[in-house]
Amino acid sequence: MTLDTVFEGATVFDGTGAAPYTADVGVREGLIHEIGTVRTAATERIDARGAWLTPGFVDLHTHYDGQASWDQTFSPSIHHGVSTVVFGNCGVGFAPLRSGDKQRAVDDLISLMEGVEDIPGAALAEGVTFDWQSFPEYMDALDRMPHSLDFLVQVPHDPLRMAIMGDRALAQEVATPADIDAMCRTLGEALDAGAAGFSTGRTDNHRTTAGVATPASDADARELAGLAAVFRGRERGVLQLVSDFNLLHGPEGFDAEFDLVELLARESGRPLSMTWLQRDPGAEQWRAIRSRTEAAVAKGLPMSLQAGARGIGVILGLDTTFHPFMGFPGYLEVAAMPLAERAAALREPSRKARILSEKSGRLSGDGTSVPPIVDLMLAKLGLISARMFPLMTSGRRSPDYEPPVTQSFYVVAKQRGCTAIEALYDYLVEGDGSNLVHFPIFNYNDGSLAVVGEMLQHPRALYGLSDSGAHVGTICDASTTTYLMTRWGHPIADGGLGIERVIEMLTRRNARHMGLNDRGEIALGLRADLNLIDASRLDTGAPQIVRDLPAGGRRLLQKGEGYLGTWVAGQAVARHGEVTSTRPGRLVRLNANNSQPRSR
């Protein structure tokens, strides 16, 4: 017998949270075949001395629903150690399609995804094949394509509602008993085909490109209970949701909204996870979410909290989706110019003076997907600038995601004796106009990541919220897998969580939450989904604006550093930062009658 690959002398972090050990690891036919001192002959022997060998990372909160149609590699996740991605989150996606006018159905879903997840509609229209009608057909279509990474898909509530209710869903009408029955049958068919679960979104920040709330954002208790009940008797499948618990309408509605979360968990009997943020406004809501979750778990409900690795916010720049001047009349006059010419025009003293004397027009409302929170923050820009920072500072090869307030534009303005908006303006229009601003809206109310650390330490916390594949013109949080290690991998005494725990969160914990028992650990007989990492070089890298989407669409791309290789089912999909031509990834179907997920 000959092994395919042997990693010699690696420092093995096995994904269980145990202390690392030094060993050889032998791989054969996609599985881990030997651990210890491996003398068996092998096609390739890799000198792994001094490097970390970890399980491949499982990212359970991505939005590759559209990108999976045109990008075989799931970039940028492949550059940050991820071997398995889960999409269909937050209630949005591209299947099932409503019957009848297919182009109308496609246009409505593109409007939904472009508005909610900031993915250019032109890229979606050109890049997504839409050669399906039902959700199982969508799964089959994606499974026919070669991919680098394994992937799972969840059934999103909004397209499900639109497929059954049509325009009544877009108008947010209450579902009838017949509507609910039809949605339940459709969800059941998808789960029978191996869909990984169901997701729903209930947040005021999510809007279609027409500026209207998402179709399922106010679904009532009868509808939610009916859909959750589809999971009864099933041994597989999860539920995922995002909610701001009616935050913009005050704290009074929190408990009633959380009751609906408990309803989903209770009626389904399956693991449920929800987004967990320190919001602004509503800085203390995260504590209320924690308290209610702990009480629900004490009652036996299988609920978890998806936490991020750093502040959740946006990257602002003249060539990104948002920046502070996009609503100013003087800026709109030059907005269509190429970037460098635009920056030069904006540096003209007379134009600058005129723009700084203007007021921004309203950006949110009917006809736009911009959420109301943007206008609220622009109205308080002088104060909010204390949470805005240059993305890149001298001497660093990657952003400082925990900058001190002394680096903020608020302090810079005080030092210069000007307004914060002028300090921001001057920074953005420098040079060729490519400067970027880091704006952590959530999880950074106190000017540090202490709240994030507290969340990540919670026993019900799951690593999540990377939103990989979404918000492509404002963030690149696919890099949070890497950042989780570089920021939180320090010993607890040094303000970290410990690297063993961090790797367990990235691997085994997320895999088991999704019902994936064949991966997430380095153990005999499990899948050889692996990362080899040079810890001395590990870094998130710097975000760059690239135009590689269909129809020439732009996005922020960030490539991690220090990854010597990533293997999926024993095959190298990336080596030394470069994606290989190997495509071992498959759709993982969680069929109820399977004791193991079926991915090959």
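Counting from 1, the numbers follow the sequence of the chain as shown. It should be emphasised that the depicted structure is a prediction, and the values quoted were computed from it without experimental measurement.
Here the NZ-OG1 distance, from Lys559 to Thr540, works out to 14.0 Å after rounding to the nearest 0.5 Å. Atom CD1 of Ile421 and atom CD of Glu358 lie 10.0 Å apart (nearest 0.5 Å). Atom CG of residue Leu264 and atom CG of residue Leu272 lie 6.0 Å apart, to the nearest 0.5 angstrom. Note that CD1 of Ile180 and CZ of Arg161 are 8.5 Å apart. Values are rounded to the nearest 0.5 Å. Rounding to the nearest 0.5 angstrom, the gap separating the CG atom in Leu160 from the CE atom in Met183 is 6.0 Å. Taken to the nearest 0.5 Å, the CZ atom of Phe198 stands 4.5 Å off from the NE2 atom of His157.
Residues Ser466 and Asp59 have side chains that bring a donor and an acceptor to within less than 3.5 angstrom of each other. Gln172 and Ser217 share a side-chain donor-acceptor pair at under 3.5 Å. Side-chain contact check for Gln306 and Ser273: at least one donor-acceptor pair (N or O, by modelled atom type) lies under 3.5 Å. Counting only N and O atoms by type, the side chains of Ser75 and Thr73 include no donor and acceptor under 3.5 Å apart. Checked by atom type, the side-chain pair Arg351/Tyr331 shows no donor-acceptor distance below 3.5 Å. If you check the side chains of His79 and Gln558, you find no donor sitting under 3.5 Å from an acceptor.
Counting all heavy atoms, side chain and backbone alike, Val573 lies closest to Ile78 at O-CD1, 3.8 Å. Across Ser468 and Tyr64, no two heavy atoms sit closer than the pair CB-OH, 3.4 Å. The minimum heavy-atom distance between Phe328 and Ser360, with the atom names listed, is CE1-CB, 3.5 Å.
The salt bridge (Lys or Arg N to Asp or Glu O under 4.0 Å) test with Arg98 is passed by exactly one of Asp158, Asp167, Asp107: Asp167. Of the residues Phe87, Phe130, Trp132, the one that meets the ring pair (Phe, Tyr, Trp, His ring centres under 6.0 Å) test with Tyr138 is Trp132.
Looking only at side-chain heavy atoms (C-beta outward), Met303 and Val261 come within less than 4.5 Å of each other.
No close placement of the Phe409 and Phe389 rings is indicated, their centers lying 6.0 Å or farther apart. Here His438 and Tyr401 bring their ring centres to under 6.0 angstrom of each other.
Between Trp276 and Trp286, the ring planes lie tilted relative to each other; the angle falls in the 30° to 60° range. Relative ring orientation between His61 and His63 is described as perpendicular, the plane-to-plane angle rising above 60° on a 0-90° scale split at 30° and 60°.
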Stepwise side-chain hydrogen bond (donor to acceptor under 3.5 Å, both in side chains) test for Ser111 and Thr209
CA-CA 5 Å; Ser111 172; Thr209 55; 2.6 Å; yes

Taking it one step at a time, do Tyr463 and Thr481 satisfy side-chain hydrogen bond (donor to acceptor under 3.5 Å, both in side chains)?
CA-CA 8 Å; Tyr463 158 73; Thr481 52; 5.0 Å; no

Show, in sequence, the C-alpha distance, side-chain angles and deciding distance for Asp143 and Arg589, and conclude whether the salt bridge (charged side-chain N to carboxylate O under 4.0 Å, His left out) test is met.
CA-CA 10 Å; Asp143 201 17; Arg589 297 180 186 263; 3.7 Å; yes

Given the rule in the side chain to side chain contact (heavy atoms under 4.5 Å, CB included) test, do Arg234 and Asp192 qualify, once you have shown the distances and angles that lead to the verdict?
CA-CA 10 Å; Arg234 296 178 183 269; Asp192 289 342; 2.9 Å; yes

Can Arg279 and Asp244 be said to form a salt bridge (charged side-chain N to carboxylate O under 4.0 Å, His left out), step by step?
CA-CA 8 Å; Arg279 297 185 181 275; Asp244 53 23; 5.4 Å; no

Show your reasoning for whether salt bridge (charged side-chain N to carboxylate O under 4.0 Å, His left out) applies to Asp131 and Arg144.
CA-CA 12 Å; Asp131 54 343; Arg144 285 193 294 270; 3.8 Å; yes

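Judged by the 6.0 Å distance and 45° axis criteria, Arg310 is positioned over the aromatic ring of Tyr483.
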